[in-house]
Amino acid sequence: MANFSKPTVPRFSVDVYQNEFLPEGGRDVNAIVTVTSTGGGTVGAGGHGSAGVVIMVDCSGSMDYPATKMRGAREATAAAVDTLRDGTSFAVVAGTHVAKEAYPGNGRLAVADARTRAEAKEALRRLTASGGTAIGTWLRLADRLLSSADLTIRHGILLTDGRNEHESPEALRAALDACAGRFTCDARGVGTDWEVKEVTGIASALLGTADIVADPAGLAADFTAMMGQAMGKGVADVALRLWTPVGVEIAFVKQVAPTVEDLTGRRTETGPRAGDYPTGSWGDESRDYHVSVRVPRAAVGQEMLAARVSLIAPDPAGGDPRPLSQGLVRAVWTDDLAMSTSINPQVAHYTGQAELADAIQAGLDARKSGDHDGATAKLGRAVQLAAASGNADTAKLLSKVVDVVDAVAGTVRLKAKVAEADEMTLETRSTKTVRVKR
C-alpha cells in the first residue's frame, strides 16, 4: 500500500496571460488562464471528505485472445487495489454485455484495509472472460455504487479491449450523460481491437484521461500510476466560472494543457452573464485554459473588463459554492500598431497546440478513408507544428506514421506500412500538449 501524508486543503491561484491591447474597433480578446493547485494532499478517509474508486474490468470473451490480456487485467487491478489508501471506499466491476459486482457485492463499497485488499485480490483471481461488451451498463453500475456512500471524490477506472458492440451508441451516450458530473473516469484500451474514439469519448465526457496500453504487460504499471493520481485528488467538482459584461460574447473556453479539451458546450448558467465550465477533481497540479471573447467596438484610449475568471468549488457544509481564486481579462484600445498586433506567446503557443491536435485527427481520418494527399498535407502540418512548439513526444509518434523529410517545412511522406498500435497511440495521445516555456 502506498504511504500518503495527512490530508491538507489545496490552495488555488489564477494567472492570466494576454495582450490586452486592441486596435481601434478591435473586438477579439484572447487569454491563457493558468490555474495552479498547491499544498494539497489527499482527501480525508472515512466520513465526509472521503474518496471512492470503482475499477471496471472488461471480462468479455475477447479478453482471452490472447490469454495474457485477462491475466494482465487481473494483475493490473490487483496492483491498483494495493495502491488504495486505507479508508478509501472501493469496488471492482466485471464488465461484459452486463455489469456484475466482482467485489465486494450487495450494491455497496468496501473500505480499504489489509483485509479487504486481500479479499478483493482473491475475487480477482476468479474473474474469467466470456460474453460481450456493453460499456454503458458498467458505467451505470459504477455510478450506483459510488452514490451509495457519502463521498467527496468519486472516480472510476475503466479497461476495455474491444468495441462496444452489445449496446447502441445512443445507449452509451445516454449513460455518459447520466454519469457526467457524478464521477470522473480514466479509460484505457488494451491491445489494438478497441475503438479509439469510444475510449477517448468516455474519458472526455467524464473529465478523465485516456490512453492505450498496447502490451498487456504494461497494464500493472499504468493502473498503479492511475490509482496514485486518483489518491492525490483533494478537491472535487471544481468549476471555471466566467463572468462577462453586457455586450461581450463568448467565442470558446478550452482546456489546453495538459490536454486539449473543448469545454464551450458544457457551460451551466449560474447567474446574470455568468456560467460554469466543469474541470473535475484537483490535486497538486497546474492546468491551462484558453478563453476567447468578443467585446463591443471602442475608440482609442478606452478600456474595459472583458471577463472575470474564477475557480469555484462546492461548500462542504452544503452552502453556496465558494470562490477559490480569480483573474481578470482586460481590453485596452490603442493606436500603437506594435502594441495592438503583438501576439502573446502563451496564446500563440496553445493556438498552435490546438491546431496540432486537429491536424493529427484530420490526417489520420484522411489516411483511413484513402485520401493520401489530404493525409500527407495534414500530417505534414502536424509535424511542422510539433517541431515548432517543441512537442517531442508527439513528434516521435508522428515519425512512426510518416517519414519526415523536413520537419520545419512540414514535408513528409506517408509510410507504406504502419503498425496498428502506432497509429492508435498517435490518435489516442493526439490531444496531449506541452506547456509553454515562460
Side-chain angles (χ1 to χ4, degrees), residues 10 12-14 31-37 40 43 51-54 139-140 142-143 146-147 151-158 172-187 199-210 229-230 232-244 250-271 273-283 285-293 307-316 318-327 350 354 431 433:
F12 284 82
S13 64
V14 173
I32 298 301
V33 178
T34 296
V35 179
T36 304
S37 169
V43 291
V53 182
V54 174
L139 294 167
R140 288 184 184 275
D143 184 32
L146 289 167
S147 65
L151 302 169
T152 297
I153 303 294
R154 303 170 304 281
H155 190 69
I157 292 175
L158 184 149
L172 176 57
R173 183 73 257 170
L176 290 171
D177 289 343
C179 295
R182 295 177 60 82
F183 66 96
T184 55
C185 184
D186 294 322
V199 170
T200 55
I202 291 165
S204 174
L206 302 181
L207 300 174
T209 64
Q229 289 288 327
K233 301 298 183 183
V235 178
D237 303 323
V238 176
L240 192 75
R241 178 167 293 177
L242 188 63
W243 176 89
T244 51
I250 299 168
F252 60 78
V253 176
K254 296 178 182 179
Q255 177 183 286
V256 288
T259 59
V260 177
E261 189 68 58
D262 193 345
L263 302 175
T264 311
R266 303 190 190 186
R267 178 184 173 99
T268 301
E269 299 298 328
T270 56
R273 302 186 303 281
D276 287 356
Y277 301 85
T279 69
S281 303
W282 288 71
E285 58 189 299
S286 181
R287 305 180 201 170
D288 291 337
Y289 298 86
H290 187 171
V291 174
S292 180
V293 298
R308 181 172 65 239
V309 183
S310 307
L311 263 292
I312 304 294
D315 180 8
D320 292 335
R322 54 197 172 97
L324 303 171
S325 188
Q326 74 170 27
Y350 286 121
T431 60
T433 59

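Note that these values count all heavy atoms, side chains included, but never hydrogens, waters or copies made by symmetry.
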Verdict with supporting geometry, Val33 and Val14, side-chain contact (heavy atoms from CB on, under 4.5 Å): CA-CA 7 Å; Val33 178; Val14 173; 3.6 Å; yes

Look only at the side chain of Ser147 and the backbone of Asp143, and say whether a donor-acceptor pair between them is shorter than 3.5 Å. yes

Given side chains that start at C-beta, do those of Trp243 and Thr270 come closer than 4.5 Å, heavy atoms only? no

Indicate yes or no for a side-chain donor-acceptor contact from Arg154 to the backbone of Thr152 under 3.5 Å, with no hydrogens or angles considered. yes

Separation of Ile312 CD1 from Asp320 CG (nearest 0.5 Å): 10.5 Å

Check: Leu242 and Val309 side chains under 4.5 Å, non-hydrogen atoms: yes

Here the pair of heavy atoms bringing Ser13 nearest to Ser325 is CA-OG, 3.6 Å

Please report the interatomic distance OG(Ser204) to CD(Gln255), rounded to the nearest 0.5 Å. 9.5 Å

Full working for side-chain contact (heavy atoms from CB on, under 4.5 Å) between Ile250 and Arg267: CA-CA 11 Å; Ile250 299 168; Arg267 178 184 173 99; 3.1 Å; yes

Is it the case that the side chain of Thr264 and the backbone of Val253 share a donor-acceptor pair, with hydrogens and angles ignored and the cut-off at 3.5 Å? yes

Leu263 vs Tyr289 side-chain heavy atoms within contact, under 4.5 Å: yes

Beyond-backbone contact of Lys233 with Thr184, side-chain heavy atoms, under 4.5 angstrom: no

Write down the atom of His155, the atom of Leu146, and the distance for their closest heavy-atom approach. O-CD1, 3.9 Å

Going from CG on Leu240 to CG on Leu324, what distance comes out if it is rounded to the nearest 0.5 angstrom? 11.0 Å

Determine whether a donor-acceptor pair (N or O, by modelled atom type, separation under 3.5 Å) exists between the side chain of Thr244 and the backbone of Ala307. no

Heavy-atom pair with the smallest gap, counting every atom of Ala178 and Arg140: CB-NH1, 3.8 Å

Does this structure show an ion pair linking Arg287 with Glu261, if we count only N-O contacts that are shorter than 4.0 Å? no

Quick check: closest heavy atoms across Ala205 and Ala180, and the distance to 0.1 Å? O-CB, 4.0 Å

For Thr431 and Thr259, run side-chain hydrogen bond (donor to acceptor under 3.5 Å, both in side chains): C-alpha distance rounded to whole Å, both residues' side-chain angles, the deciding distance at 0.1 Å, then the answer. CA-CA 5 Å; Thr431 60; Thr259 59; 4.9 Å; no

Rounded distance (nearest 0.5 Å) linking atom CD1 of Ile157 with atom CG of Asp186: 6.0 Å

Close side-chain approach of Ser37 to Val235, heavy-atom, < 4.5 Å: no

Salt bridge or not for Asp276 and Arg241, using N-O below 4.0 Å? yes

Side chains of Phe12 and Trp282 in contact at under 4.5 Å (non-hydrogen atoms): yes

Using side-chain contact (heavy atoms from CB on, under 4.5 Å), reason through Val256 and Thr433 one step at a time and then give a plain yes or no. CA-CA 7 Å; Val256 288; Thr433 59; 5.6 Å; no

Minimum heavy-atom separation for Leu158 and Cys185, please, with both atom names. CB-SG, 4.0 Å

Would a 4.5 Å heavy-atom cut-off, applied to side chains only, mark Val53 and Ile153 as touching? no

Return the minimal non-hydrogen interatomic distance between Gly280 and Leu207, and the atom names on each side. N-CD1, 3.5 Å

